[in-house]
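Reading through the structure tokens given below for one structure.
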Amino acid sequence: MKIATWNVNSLKVRLPQVLDWLAASETDVLCLQELKLTDENFPLQAFVDAGYHACWSGQKTYNGVAIISREPGRDVIKNIPGYEDSQQRVISATLPDGAGGEMRVICAYCPNGQSLESDKYVYKLAWYAALQRWLKSELARYPQLALLGDYNIAPADEDVHNPEKWADQVLVSVPERQAFQDLLGLGLSDAFRLFEQPEKSFSWWDYRQFGFRRNAGLRIDHILLTQALVERCVASEIDKGPRGNEQPSDHAPVWARLVAGA
DNA sequence: ATGACGAAATTGTTTCGA
């Protein structure tokens, strides 16, 4: 089965592209971020017509996340339990794992942080600490768990088109990279790095100054897997195709393929 | 140093993203 994540930067604008990509990529589970719409405006019928179920958590103007899946999700939870947050950034569901069992899927739109001097940076690190805390208990419950989303962290210099220029900026700073490493410390692995990848592989490119054409990007969208899923993961890639669409999102989808037996 | 692009909430311009 194929699981994927895509920050669509407005589901209202990007819905046709999402439907096209779902069909073309044969994705079974798609985590979406930056819906930028309220719950009542979620286009459920379009996904139902395409043969999918959905759960979502939206708000006006900003944020918003959804899980689109061929099978309905169980035990859907919004946000990080125990962490008070008016911003809708997380949704989780239990889904069939494609091998007769179940897997926990967490879809996350992690805060951007804006700059190291910003209150939003303080919020970002506090948010990651809350995620870390909560994941510990989730991992105890769910051996097969995948955390997919826009992390707003480029984990290493190889994930940055121009590391010298980006040094110590938001998205690459030492505390942010430590927060990412702390997640790996829980026993999670970066699916993309399980495999040999082209140099200069990115998942986001700035709209400005022909960022995509110049491949001036960052790899900030990730799929983290528990060991049980790592053993079933046979491929992971970034699909740059949709970034070349007319009126594209500034992010590209990232996917991982899981097979039934290890 | 600033703005550059795109989306949303609004209808001229600001806020925010990464």
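A, B, ... follow the sequence lines: proteins, then strands. Residue 1 opens every chain.
- Applying the 4.0 Å criterion to OP1 and OP2 of B:dA18, one finds that A:Asn112 has a side-chain N or O inside that range.
- Of the side-chain N and O atoms in A:Thr61, none sit less than 4.0 angstrom from OP1 or OP2 of B:dC16.
- Checking the phosphate oxygens (OP1, OP2) of B:dT15, no side-chain nitrogen or oxygen of A:Gln114 falls inside 4.0 Å.
- In this structure, A:Asp150 atom CG and B:dC16 atom P are separated by 18 Å, rounded to whole Å.
- B:dA1 and B:dT14 have their P atoms separated by 23 Å, with the value rounded to a whole Å.
- Counting to the nearest Å, the P atom of B:dA18 and the CZ atom of A:Phe202 are 17 Å from each other.
- Using the six-membered ring where Trp is involved, A:Trp56 and A:Phe42 have ring planes that are parallel, under 30° apart on the 30 and 60° scheme.
- Between A:His251 and B:dG17 there is no side-chain N or O to OP1 or OP2 distance below 4.0 Å.
- Salt-bridge formation is not detected for the pair A:Lys78/A:Asp85: no Lys NZ or Arg NE/NH1/NH2 atom is positioned less than 4.0 Å from an Asp or Glu carboxylate oxygen.
- A:Tyr62 has its OH atom 9 Å from the C1' atom of B:dG17, to the nearest Å.
- Dashed line: the shortest gap from a side-chain N or O of A:Asn9 to OP1 or OP2 of B:dC5 is not under 4.0 Å.
- The aromatic rings of A:Tyr123 and A:Tyr83 sit parallel to each other, their planes meeting at less than 30°, with 60° as the upper class boundary.
- Contact check, A:Arg14 against B:dA7: a side-chain N or O comes under 4.0 Å of OP1 or OP2.
- The distance from atom CG of A:Asp119 to atom P of B:dC16 is 12 Å, rounded to the nearest whole Å.
- Between A:Asp206 and A:Arg214, no side-chain nitrogen of the basic residue sits less than 4.0 Å from a carboxylate oxygen of the acidic one, so the salt-bridge criterion is not met.
- Rounded to whole Å, the distance from CG on A:Asn41 to P on B:dA8 is 11 Å.
- Taking atom NZ on A:Lys165 and atom P on B:dA4, their separation rounds to 15 Å, with Å as the unit.
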Would A:Ile238 and A:Arg243 count as a side chain to side chain contact (heavy atoms under 4.5 Å, CB included) if you check the C-alpha gap in whole Å, the side-chain angles of each, and the deciding distance to 0.1 Å?
-> CA-CA 10 Å; A:Ile238 299 167; A:Arg243 187 60 179 80; over 6 Å; no

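- Between A:Lys60 and A:Lys120, the one whose closest nucleotide on DNA chain B sits nearer the 5' end is A:Lys60.
- Each of B:dA8, B:dG3, B:dG6 was ranked by its minimum atom distance to the side chain of A:Ser10; first place goes to B:dA8.
- A:Asn7 comes within 4.0 angstrom of the backbone, heavy atoms only, and of no base.
- Relative to the side chain of A:Leu218, the nucleotides B:dA18, B:dA4, B:dA7 differ in distance, and B:dA18 lies closest.
- B:dG3 and B:dT13 have their P atoms separated by 16 Å, with the value rounded to a whole Å.
- In terms of position on DNA chain B, the residue among A:Leu35 and A:Ile220 whose nearest nucleotide sits closer to the 5' end is A:Leu35.
- Here B:dC5 presents its C1' atom at 17 Å from CG of A:Asn245, a figure rounded to the nearest Å.
- OP1 or OP2 of B:dA18 sits under 4.0 Å from a side-chain N or O of A:Tyr109.
- The side chain of A:Leu171 lies closest to B:dA18 when the candidates are B:dA7, B:dA18, B:dG3.
- Distance from the side chain of A:Asp250 is smallest to B:dA18 among B:dG6, B:dC16, B:dA18.
- Between A:Lys36 and B:dA9 there is no side-chain polar atom (N or O) within less than 4.0 angstrom of OP1 or OP2.
- For the pair A:Asn63 CG and B:dA8 C1', the computed distance is 13 Å after rounding to whole Å.
- Listed nucleotides: B:dA18, B:dG17, B:dA7. Nearest to the side chain of A:Gln247: B:dA7.
- By the 6.0 Å contact criterion, CG on A:Asp168 is open, its count of non-hydrogen atoms from other residues, nucleotides or ligands being 12 or less.
- Distance noted for atom P between B:dT15 and B:dT11: 14 Å (whole Å).
- Counting heavy-atom neighbours within 6.0 Å of A:Glu40 CD, excluding the residue itself, gives a total above 12.
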